[in-house]
Every structure is written in C-alpha cells, then in structure tokens.
Amino acid sequence: MSYEVKLDAFSGPLDLLLHLIHRLEIDIYDIPMAELTEQYIDHIHAMQTLELNEASEYLVMAATLLAIKSRMLIPIHEGEIDDTEIDLDDPDPRDELVMRLIEYKKYKEAAIQLQELESERGQVFTKAPADLSEYMPDEQLALFDKNVNVFDMLSAFQKLMRRKQLKKPLATRIARQEISVKEQMRAVINVLKNNGGKVMFSDLFTYEDKSMLVLTFLTLLELMKRQVIFVEQQKNFDDLSVLLQKEDIGDELEQITEPN
Amino acid sequence: MNSNKLLSRIEALLFVAGDEGMTVKQLAQYIEVEQMDIEAGLSELLTQYNEEEARGITLKQLAGTYQITTKPDVADTLKKLIENPTNQVLTSASLEVLAIIAYKQPMTRAEVEDLRGVKSERPIATLAARALVQEVGRAEGTGRAILYGTTKEFLNYFGLKNINELPPLPEQIEQDDEQPTDLFLTKFQETFTQK
Amino acid sequence: MNSNKLLSRIEALLFVAGDEGMTVKQLAQYIEVEQMDIEAGLSELLTQYNEEEARGITLKQLAGTYQITTKPDVADTLKKLIENPTNQVLTSASLEVLAIIAYKQPMTRAEVEDLRGVKSERPIATLAARALVQEVGRAEGTGRAILYGTTKEFLNYFGLKNINELPPLPEQIEQDDEQPTDLFLTKFQETFTQK
C-alpha cells in the first residue's frame with residue numbers, strides 16, 4: 001500500500017485524523033480504534049520529514065490513540081456486562097477524542113469559508129488615500145487620532161506593502177526620477193574632493209539599488225567626456241582609479257540641461 | 001442639496017479617502033446634510049455604479065466604513081499589476097488559527113493550541129504581523145496570558161462590514177435522530193459483547 | 001473590446017494608481033489594446049465625467065500621466081475635511097511614514113519616498129518637529145543623505161520599552177522558520193515498531 005502523504009497537507013494531528021476518518025468512511029461517533037490507530041501510525045511513518053516542534057504533537061496523538069485502543073481492549077468481567085449502572089458511569093474511552101474532533105472540524109470548515117472570502121476580496125482593489133498634505137498647515141500633519149497604537153502603525157505598513165506590491169512597475173519609474181545625473185555628478189565630485197582627488201572605481205559603487213549603479217556609471221562617463229575626471233588602470237585586472245582633474249566645475253554643471 | 005450635488009460630493013470624498021474609507025457620520029459631517037440623506041445617496045450611487053457598465057468602480061462597505069473599490073469583473077486586468085500574487089494569501093494553518101480567534105475571541109494562544117492539538121505560535125505571530133489579530137487584553141489569573149482578538153484590518157481583508165457579518169460557524173456534524181450519547185452506549189455494548 | 005469594457009478598465013486602473021496616475025503606454029500595456037484605443041477611451045471617459053453632474057471625479061493630464069482627481073466644484077466639501085485634522089485620511093500619510101521609519105530604520109528620505117511612491121518631505125519634517133523621528137546619521141557614499149530613526153519620544157508615544165517591542169513584520173517571522181528535520185521519523189520508528 002502506498003501513501004501520497006505530504007506533511008504540509010495537514011495542519012496538525014487532528015487534521016490528519018479527520019482526513020483518515022473521511023477517507024476510511026468511518027462513523028465519527030463509532031471509531032474503530034484499532035483500524036484508525038494503525039492507519040494513523042502508518043501515515044506518520046510515511047511522512048518524510050516533520051518539523052521538530054510539530055513532531056511531538058503527532059507523537060502525543062499516537063500515544064493517545066494507543067491508550068484509547070488498549071483501554072477498549074481491557075477484558076470486562078462477566079458480571080459487569082449485565083450491570084448497566086457501571087456501563088452508564090463508565091464513559092466511552094473515545095468520547096473525549098470524538099468531542100475534540102467535532103469541535104476542531106467546525107473551525108477547520110470555518111477556515112475554508114474564510115479562504116473563500118479571502119479570494120473573493122482579492123478580486124477587488126482600493127487605492128491609497130489622496131495626499132492632501134499640501135493643503136494642510138504643518139502643525140496639523142502629524143496629528144494622529146488619540147487612539148492610534150502600535151497595531152495601527154503596523155496596519156499602515158501592511159497597507160503600504162500591499163499597495164507597493166500592486167504597483168511595482170510604477171514605483172520603479174518614480175525611483176529613477178529621484179536622483180538626476182546632475183545631482184549624482186555633484187555627489188561623485190564631492191567624494192573625490194573629500195578623498196584628496198582620487199578614489200578607487202569600486203568605492204563609488206556602494207549602492208544596493210540597481211538604478212543607482214547605472215546612474216553612477218552614466219555619471220562617470222559624462223564626467224570623463226567633460227574631462228572633469230580621469231580614469232586609469234595601473235596594470236591588467238587592477239581596480240580602476242578615478243582622478244579629479246578639474247577642481248572648479250560650477251560652469252560644467254550649469255551647462256547640463258536635464259530632460260525635465 | 002439636489003441629488004447630483006450630493007452624489008458628486010460623496011463620490012469625491014470616498015475617492016479621496018481611498019482605503020481609509022469613511023463612515024456615514026463623517027460623510028454627513030463634511031457634506032453638511034443628515035445621515036439619512038447620506039444613506040440614500042450611497043444607495044443611489046451604488047445603483048449607478050452597478051448599472052453603468054462603463055464604470056470600473058463600485059461601492060463596498062468594509063470594516064464599518066464605505067469605500068470605493070474596483071469591480072470584480074475588471075480583476076483580470078488589475079491582477080497584471082501584481083508582481084507575485086501567491087505569496088500574499090494565508091496558509092491553511094494561519095486560516096485555521098484565525099477562524100478560531102475570530103469566532104471565539106478573545107482567546108489565548110494556549111486555548112487555540114488546545115483546540116487545534118498543535119503548537120500555534122508561528123501562525124499567531126504571522127497573523128499579528130499582518131495586523132489581522134492583535135492583543136486585546138490579558139487573561140485573568142497567573143501567567144496573565146495575552147488575549148487575542150481580530151482587528152479592523154481583519155474585516156477589511158475578508159471584505160466584511162463588521163464582525164457580525166462573519167458567516168455562521170458550521171454546525172456540528174449531522175446527527176442521526178438518536179442522541180449521540182445513547183448511540184455510544186449501544187455501540188459500546190455491541191462492541192464488547194461481540195468480543 | 002467593446003467601449004464599456006475598455007472604459008471600465010481604464011477607470012479601474014487609474015483609480016488604483018491614485019495620485020501616481022498612469023501613462024497611455026502603461027494603460028495600453030495592462031489592458032492589452034493599442035495606445036490609440038486608450039486615447040479614444042480617455043477622451044470618452046473625460047466627456048462622461050464632465051457631462052454627468054452626479055460624478056465628483058474627473059480626469060487630469062499631468063506630465064504625460066493621466067490621473068483621476070476630484071472636480072473643482074466639490075472643493076468646499078474637501079475643505080471641510082481638511083479642517084478636521086484628526087481624520088485618519090489626513091494623518092494616514094504621516095502614520096505611514098512613521099511606520100516605514102520605525103520598521104526600516106535608519107532610512108533616508110529618498111528611500112522612504114521610493115517605498116511610498118510619493119514625495120514625503122513634509123510628513124518627515126512634521127514627524128521630526130514632533131520629535132517622533134530624528135537624524136541618526138548620514139548615509140554612506142555620495143550625497144551623504146540624512147538617515148532618520150525613531151526617538152525616545154516615539155517609544156513613549158506608543159508605550160514601548162524599546163524598539164524590539166514593535167510587533168514583528170511577516171517577513172521577519174518567516175526568517176525564523178525552523179529547518180524541517182527527519183529526527184522525528186527515526187525516533188518514531190524506534191518507539192513504535194515494537195508495537
């Protein structure tokens with residue numbers, strides 16, 4: 001008999017038990033303990049890997065099943081069978097398990113309903129509140145509601161991330177406008193001035209952001225063309241050195257006309 | 001105020017508010033009409049949005065506020081804007097924990113774990129990080145465990161007006177006419193007499 | 001694509017884009033029609049917005065980007081909103097900036113703006129004026145932009161002992177994922193194979 005079992009298909013031992021009960025077409029109010037226990041243990045055997053902190057729960061459940069099974073196998077003395085009083089007082093060893101399964105099943109089904117709502121809600125989109133800050137006096141801008149707490153802030157962050165995910169292509173467009181070649185020329189020259197007019201090529205590329213790397217490279221090409229900097233290499237495979245050739249570049253910057 | 005004037009003002013305010021939304025009370029306050037008028041206006045606006053096929057937007061009541069949202073029929077176009085649609089949805093473990101907290105709130109972690117029969121620290125942390133649940137108090141007695149409840153973001157995330165709009169909890173498994181306890185006993189006796 | 005279908009898609013995309021707007025090229029790309037069709041659709045949409053008095057929104061073209069804005073005639077109502085400074089719609093920008101700085105500190109203004117997609121100079125300045133954020137250093141490399149972080153006043157305001165008490169973000173929880181292990185299986189076999 002082969003099992004197609006993936007651990008993450010189950011969210012816990014109760015979930016696995018419900019799966020088995022359903023598959024074996026077992027009446028939940030009359031569980032054949034021997035069969036269920038055997039199937040349960042076979043299934044966890046078949047699970048290839050199990051996270052350590054969940055493993056203990058699956059084991060506890062296996063132990064519980066074995067305990068119930070063995071309690072049901074304890075031979076009952078002849079006289080006791082006729083004694084209905086004892087039968088009434090003695091609960092079925094399965095009762096507690098059945099109650100737990102039934103209670104759990106309710107919420108498992110509720111979770112499926114939530115999932116349907118989640119996917120329905122995923123079909124419609126909203127927008128960020130309009131930015132009205134330009135119409136507001138400074139002192140009003142940060143006036144939070146008195147009831148604002150950490151979770152509201154977290155919620156603001158989550159909304160932002162959801163929005164960001166929705167508008168990735170637009171966000172990059174704006175990122176590129178952020179720093180112009182002209183600004184970056186000034187920045188590169190400042191680095192050179194602060195380092196005595198000479199830095200290693202790689203030291204100018206400390207950015208994580210790809211668009212900044214490209215921008216800096218374009219800036220260097222522009223500065224070379226204008227003979228503001230000079231790039232040299234001592235020998236093959238050495239890092240390049242960037243040297244400042246003109247101290248005063250005010251005029252150079254003024255001559256640059258930007259697209260916007 | 002004539003109807004067109006009212007509708008245009010409601011639409012403008014809701015447009016500006018975006019996903020913060022606005023309550024009937026706030027709309028009435030800013031437009032300076034009665035809340036009754038706002039309610040009539042909202043219902044008229046909803047009718048117009050839904051009847052006019054050229055509209056890509058509609059009205060939705062979310063977490064106690066009214067918000068403009070896009071219509072479900074344009075979802076295919078808008079989904080092209082999403083970079084990685086799969087990593088946003090909740091896992092089944094998180095949904096299970098969330099269902100328990102939503103229906104039985106306030107709940108401690110230990111209570112959730114009892115019910116599920118499995119550790120639930122990580123799903124709870126994920127739900128808190130996504131602002132779907134939050135601490136709403138502390139349990140009585142020693143330990144003073146954190147009590148969790150759902151948030152406004154929870155309502156927003158599942159498209160609910162308020163917590164009472166949660167679908168009813170699925171009822172207990174269909175039972176036969178017999179009382180389950182009797183059933184146990186009978187079966188129990190049958191089992192043993194056979195052995 | 002029929003006209004209503006096109007218009008509803010244009011409206012929905014522009015609505016979601018909000019203050020950022022979209023270019024004709026982007027609209028054409030997402031709706032998968034020719035730019036010519038988009039241009040015709042935009043002009044039709046503008047006509048509808050302006051002719052229908054019940055609409056409070058209209059179309060505006062700014063630097064090659066189309067965006068939905070409110071109509072000038074509803075300005076008086078929006079003014080009422082602005083005069084109510086505690087409305088969440090108005091404070092959402094500063095709360096968002098504060099959230100970004102709190103979770104991602106230290107951050108430069110450019111980084112905040114990159115994340116939000118809108119200019120954020122004023123919210124940052126106000127937060128700094130309220131002593132909720134402050135300069136905590138300068139960015140490496142060219143430009144040496146100011147790096148912002150949260151203050152003691154920030155911790156006070158939100159009742160936190162230290163910054164680590166902030167609820168974690170979802171990605172921070174996922175990093176804590178334990179490695180799956182098969183230690184369990186071995187243990188389990190040892191225990192139960194003798195059954």
Side-chain angles (χ1 to χ4, degrees), chain A residues 8 11-15 28-30 53-54 57 60-61 72-73 75-76 81 87-88 91-92 94-95 98 100 102-115 117-130 132 151 154-155 157-159 162-163 165-170, chain B residues 15-20 58 60 67-72 75 78 81-85 88-90 92-93 95-96 98-100 102-103 115-119 128-131 134-135 151-153 156-160 167 169-173 175 180 183-185 187-189 191-193 195:
Chain A
D8 49 6
S11 58
L14 289 173
D15 196 19
I28 198 168
Y29 291 111
D30 182 26
N53 69 347
E54 281 183 3
E57 265 104 9
V60 168
M61 180 55 75
M72 292 183 68
L73 291 175
I76 296 175
I81 283 187
D87 277 343
L88 281 172
D92 189 316
R94 298 170 297 184
D95 278 5
V98 171
R100 284 186 71 190
I102 289 171
E103 181 74 354
Y104 170 74
K105 193 166 190 264
K106 269 199 293 190
Y107 293 98
K108 189 177 151 55
E109 281 164 11
I112 293 167
Q113 292 180 338
L114 284 183
Q115 195 168 32
L117 291 176
E118 178 188 45
S119 93
E120 232 172 81
R121 176 67 176 83
Q123 302 294 311
V124 308
F125 301 87
T126 49
K127 70 183 268 290
L132 298 173
F151 292 97
L154 184 59
S155 180
F157 196 82
Q158 287 305 312
K159 273 188 185 157
R162 216 182 312 157
R163 225 182 284 139
Q165 183 170 32
L166 195 62
K167 290 195 279 177
K168 193 68 178 178
L170 298 179
Chain B
F15 172 78
V16 165
D19 54 16
E20 287 291 335
T58 185
K60 208 169 163 67
Q67 297 185 13
I68 295 179
T69 69
T70 58
K71 283 186 181 171
L78 290 171
L81 287 177
I82 305 177
E83 248 198 330
N84 188 358
Q88 280 292 83
V89 297
L90 295 168
S92 61
L95 281 166
E96 229 175 79
L98 190 55
I100 294 169
Y103 284 98
L115 211 157
R116 295 185 66 220
V118 70
K119 288 250 177 288
R130 294 188 58 173
Q134 68 175 53
E135 179 179 336
T151 60
K152 252 173 90 174
E153 174 66 14
N156 195 347
Y157 187 79
F158 292 101
L160 302 169
L169 194 58
E171 265 316 299
Q172 305 235 332
I173 295 166
Q175 294 166 3
L183 191 67
F184 287 155
L185 266 179
K187 291 274 181 185
F188 188 63
Q189 278 168 339
T191 316
F192 282 139
T193 34
K195 290 238 162 95

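Here is the naming used below: chain letters follow the sequence lines, and residue numbers restart at 1 for every chain.
Legend: residues meeting ring pair (Phe, Tyr, Trp, His ring centres under 6.0 Å) with Y107(A), ordered by chain and number and at least two apart, are absent. When the ring pair (Phe, Tyr, Trp, His ring centres under 6.0 Å) test is applied to Y104(A), no partner is found at least two apart in sequence or on another chain.
Expressed to the nearest 0.5 Å, how far CD of E20(B) lies from NZ of K127(A) amounts to 11.0 Å.
By the 4.5 Å heavy-atom criterion applied to side chains, R121(A) and N156(B) are counted as neighbours. A 4.5 Å side-chain heavy-atom check between S92(B) and Q115(A) finds every atom pair outside the cut-off. No side-chain heavy atom of P129(A) sits under 4.5 Å from any side-chain heavy atom of V16(B).
In this structure, chain A has heavy atoms under 4.5 Å from both the backbone and the side chain of Q134(B). At a 4.5 Å heavy-atom cutoff, the contact between Q158(A) and chain B is made by side-chain atoms alone.
L14(A) and G117(B) get closest at one heavy-atom pair: CD1-N, 4.0 Å. Of all heavy-atom pairs between L117(A) and P167(B), the closest is CD1-CD, 3.9 Å. Listed here is the closest heavy atom pair of T126(A) and Q67(B): CG2-OE1, 3.4 Å. Across all non-hydrogen atoms, the minimal contact from A111(A) to A99(B) is N-CB, 3.8 Å. Closest approach of V89(B) and E118(A) over heavy atoms only: CA-OE2, 3.5 Å. Taking all atoms of both residues into account, the shortest heavy-atom contact from V118(B) to P13(A) is CB-CD, 4.1 Å.
Taking T69(B), D19(B), T70(B) one by one and counting their heavy-atom pairs under 4.5 Å with chain A, the maximum is reached by D19(B).
Note that K152(B) lies outside the cation-pi zone of F151(A), set by a 6.0 Å cut-off to the ring centre and a 45° limit from the axis.
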Test L169(B) against Q113(A) for side-chain contact (heavy atoms from CB on, under 4.5 Å), laying out the working first.
CA-CA 9 Å; L169(B) 194 58; Q113(A) 292 180 338; over 6 Å; no
